[in-house]
Every structure is written in structure tokens, then in C-alpha cells.
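For reference, the structure is listed below as C-alpha cells.
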Number of protein chains: 2
Amino acid sequence: MTKKVFAVIGTGAIGGYYGARLHQSGEDVHFLFNSDFTHVRDHGLTVDSHYGDFSIPPSFLQAYSSSEAMPKADVILVAIKTTSNPLLSSLIAPIVKPNTLIVLLQNGIGAEQELSEQLNLPFVGGGLCFICSNKIGPGHIDHIDYGRLTLGVYGAEGQPLLEQVAQDFRNAGVDVDVESSIVDARWKKLLWNVPFNGLSAVLSADTKQIMQCPELVTLAKEIMQEVQAAAKALGTDLPTPLIDTMLSNTAAMKPYHTSMLLDLKNQRALERQYMYKNVLDLALAHGVTMPKTATLYQQLCFIDPATSHE
Amino acid sequence: MTKKVFAVIGTGAIGGYYGARLHQSGEDVHFLFNSDFTHVRDHGLTVDSHYGDFSIPPSFLQAYSSSEAMPKADVILVAIKTTSNPLLSSLIAPIVKPNTLIVLLQNGIGAEQELSEQLNLPFVGGGLCFICSNKIGPGHIDHIDYGRLTLGVYGAEGQPLLEQVAQDFRNAGVDVDVESSIVDARWKKLLWNVPFNGLSAVLSADTKQIMQCPELVTLAKEIMQEVQAAAKALGTDLPTPLIDTMLSNTAAMKPYHTSMLLDLKNQRALERQYMYKNVLDLALAHGVTMPKTATLYQQLCFIDPATSHE
């Protein structure tokens, strides 16, 4: 079997880490960079990792500033924020083959189906990253902790290829779970993300501050119950005890800045479409209203740095 | 008929203005001050008003630093924030007679009934102030615009005395409406206050910024509909067209900082009990849920400067 060609679209904290691991284990990985391109061409890609630091020197780094210059890929790891998804299908179209497995390493729900329709693909994979990783400079990633991937595929035909990719990741030292339903996995992550990302951004609060306010704990729980009801209407059963487990785990965590709070602080667009609007629309289409989640979404529209105010 | 004794409890932007007007028209008005007491004892009370500036010199100002020193009053105008209401009954007990008319110049709902029970009074009046007035220094009030009072009384026996007081205000140049139901008037004001005070505080936004965000206009309208439903369950009919009228008036207004936004900016406690919690509790007791209003209330609990965070 010939070696698979991997493409990483969005070489930041997530894409850079997982892509560099695959490269390190001998895979043929091609990285798309944005503003960091000239820097990495001269200096390579550096990963400070709590499992041991490593780097890809310039002569070994297959770096690109445009997807048009990249080879067609067997596997495309998409690690841009969902706020850029309106551009995604045209960005990756040049490197897609009929049986390419795209894996969306993104938050929220609905993107796999959307992309499979836009590109007329029989399957699109998705991945959830349980990782603490930051980009701390051009071509410089700081992998602080964790790293487990949960993978799944929209479109059953893609399952065998997804299993191969999961094995590639395991060979590269990444823990991987393969779920029979990426949708179930996405709802489970949304159960936490919907209350805590939105509340942290609207209130400029970390998880500890939220958990110390009894009224906000109640609100977070009520929003989780709305997510649970929406998931159920769409065919995903999230067990009720999971809510209290997640809340007590969150209370026990060190103060944590959610990705949406970080986006806000860095004046980046908020991932409100895939994390909120799609959830609300899917729920409504199945007769479920989510008034507290909707309130949070409406507030996020206002504070979103991508929204202009006078 | 002997002259009525008026007491003003809380001589700030509201109490100072209306009390000074009554004094100016010849009424016997006694003012309770807090931190401004020593200043006004030496310098009097000054009102810059768009109807013409005036002042009460020290020798004519009946100023007190404690209610214990004040004479029993026929009429007590209460103009402290509702956040101090837990102290109110003991504060005014020394000056209450069996037929004293207390008039609560405060926002929110439920305070008249509460006070009538605490002090075992047959009636307690309430007032809504449609005024732009600020305290700009010790004993110094800036009356910017408007000034109309809407008065009503909880306990029908108080109606004749309330009518007299309304006439006293009119004699002092203050426009007054007397409503048969203070509760109806309070619900009508809540229809605006509940969405705009809370949203402005949680989002640090003025009315113009709120009205420029389509999602927030929708949210404000939905919250108004919740208030309307709660009012209806409690016997007050707020006509539906009033909602759109209020919204278009708000869109046409100059940018306005709500009282709750000002309280937040000045690190004062937020009036969430009478403006939100009482509304939610009354609604729930009548089988009406207000999920969007409740979300706002829960967020206000977090941002309230009176709440301590680590």
C-alpha cells in the first residue's frame, strides 16, 4: 500500500500539533500556513510538548502558503476555526479526490454534513480534540497537556478509512477513540461547550468564577438540560447524570479560559454559528425550544468582535 | 387644616429634586441625608434645573443625619434605591404615624405590599418618576429634563390622602398622574425596565447600541412578551402594541444609560430583587415561566457589585 498523503489545513495550536505528530512518526504530511508561512520556511515548526519537545526543521517541513500548491490528499485535517468555514469548501477543493477523508477538528455541530453536500462527498469525518495547546509564536506551538482525539465519520462508507487514520494517529502516539457516531460525540461535547463558552464570553469569566456563583451554576445546568432535550429530539441520548458529573468536574478544575473567552479577548470572531445557531435551528426543526441557550446566542451576536457597533 | 409634614428619605437625584420643589412651594419638608449631611448643613441644597436653578440655603433647609431626629411625618417620600429596602422599615419606623402616607419613589414591584405588612399600615403609596436627574456633587442636583410623577396607592383607604399629595406636587410645579392602580403603572414601567436595564448592565451597552443589534432587539421584545404574560396572569393587561411603540421610541432616543448600567459603572448594588426576582417569583406563583428574563437575572447575580467573587 502506498503511503497516504496528509494535508493539514490551518497549522495552529491544534493542526500544528497533530500534524507534527504524524510527521514525527514518518507520515507524509503537508501543512498549509497563513501568516506564519515565511517564518516556518526559514525556521521550521517547533512543538514544546509535555511529552518532550520536538521540531520539524525547514528542510523536512512541507509548508505551503496556498492550497493550490499542495498535492491532492488522502486525508485532510481541517483545524481552522468554524468562523472561517464559509471559505472552507473553496479552500480545500483543489486537494480533494473522490475518496479523500476530510476530518474536521472543530467544535460545534453540522459542519460535516454541510461540507459533504457542498463538495458532493460520500463521507466527511469529524474529530473532537481534548487537548491544552496554544500557539505562542510563529510556527511555535506549546502543547501543555492532554491530547486525546475522538474521531467519527458522517457517511458510513468512510468508516474503514477513518479506522486506518485512527491507527496512524495511534502509531504517532496520539490516543484515539473511534465513535460509531460523530454526531453523538459532538452533542456530548456541546453539553459542556454551550453553557460554558457562552457564559464565559458574555460575562468575561473563567470557569471557576462561574462555578462560584450559585445562580450561574443553576443557569449552566438549565442550559445543559436544553442541550440534552435538543440532542434527544435529534436521536442522541445524553444520560442525565452526565450533567451533574460535568458540573462537578468543572467545579474541581483549575480556572479555565474557554476558547470563546480567548477568542473574545483576542478580538477574534466567535464560533457562534456552529456552536449555537446550528444547535438552535436543529432543535427548532424538531420542535424543541431552547430559550436560555437562545438568550446566550443573542447576547453573543452583540459582543462578537466580528459584529460592528458604532 | 394644619400643614402636612413631609419627610424625604434619601435626598439624592430624585428625593432631592421633588423635595426641594415641595419646599419651594411652601411645604414643610424635612430631608434625611447620608454622607452629604455636613456639607448641606453648611451650604444648603442646590438644584440646577432646566426649568430654572434654585437652592435652599442652610438656614431654611431642615436637614437630618438620622431619622430618629426627624418629626413624625404625614407624608414620607422614599427615594433610596430598592437595594437598601431591607433596612427601610426600621429606618422610617421612628417617623411613621397611624395614617402616614408613605410614597415609594422606586423601581420594580412588590415593595408597597411588603412595607405595608412590615409596618402594619393600611396603605402604602408608590410613585414612578419620569425624570432625568443626577446628583453631581454633595447637596447638588442636576435636573436635566422631564419630571412627571405617576402616583398610586396600595390600599384603597389611602386614595384621598394620595390625591391631596398629588395636588401638593402640582402646586409645586410637578406634573402628576394619579393611577387607580399603582400595580398597573409599575408593570407598564417594568415592560421597559426589565429588558433594557438588565441587557445594558450585562452587556455594558447603552440603549442605542442595543437597538442597533437586530438579535438584541428580538431578545428585548421576547423579554417584554414574558413581562406582558406575567402581568396578565397577575391581572394587569398591557396592550400588545405598547411593546412595539416602546421599542421604536427607544430606537429613536438619544443613547441612554439605564440606571442599572450607571449603578454597575459606579460599583453600586444592582436593583435586581424588586426589578427581577419579585417579577419572576410572582409570575411563577401564577404558573408563568419567564426563561429569558430568568437568564438575565441569573447573569445579573454574577455581575452585581454587591456579589463578591474571588
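Keep in mind that what you see is a predicted model, and the values were worked out from it rather than measured. We name chains A, B, ... by the order of the sequence lines, and we start the count at 1 in each one.
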Between A:Leu219, A:Leu300, A:Ile210, the one whose heavy-atom pairs under 4.5 Å with chain B are most numerous: A:Leu219

Heavy-atom contact with chain B under 4.5 Å, split by part of A:Thr218: both

Under 3.5 Å: donor-acceptor pair, side chain of A:Thr295, backbone of B:Lys292: no

Under 4.5 Å from a heavy atom of chain B, the part of A:Ile223 involved: neither

Which portion of B:Leu296 sits near chain A, non-hydrogen atoms under 4.5 angstrom: side chain

Polar side chain donor-acceptor pair, B:Asn85 to B:Gln106, under 3.5 angstrom: yes

Short side-chain donor-acceptor distance under 3.5 Å, A:Thr240 and A:Gln228: yes

Donor on one side chain, acceptor on other, B:Glu222 and A:Gln298, under 3.5 Å: yes

Chain B contact via A:Leu199 - which portion, at a heavy-atom distance below 4.5 Å: side chain

Side-chain donor or acceptor of A:Gln209 paired with backbone N/O of A:Asp206 under 3.5 Å: yes

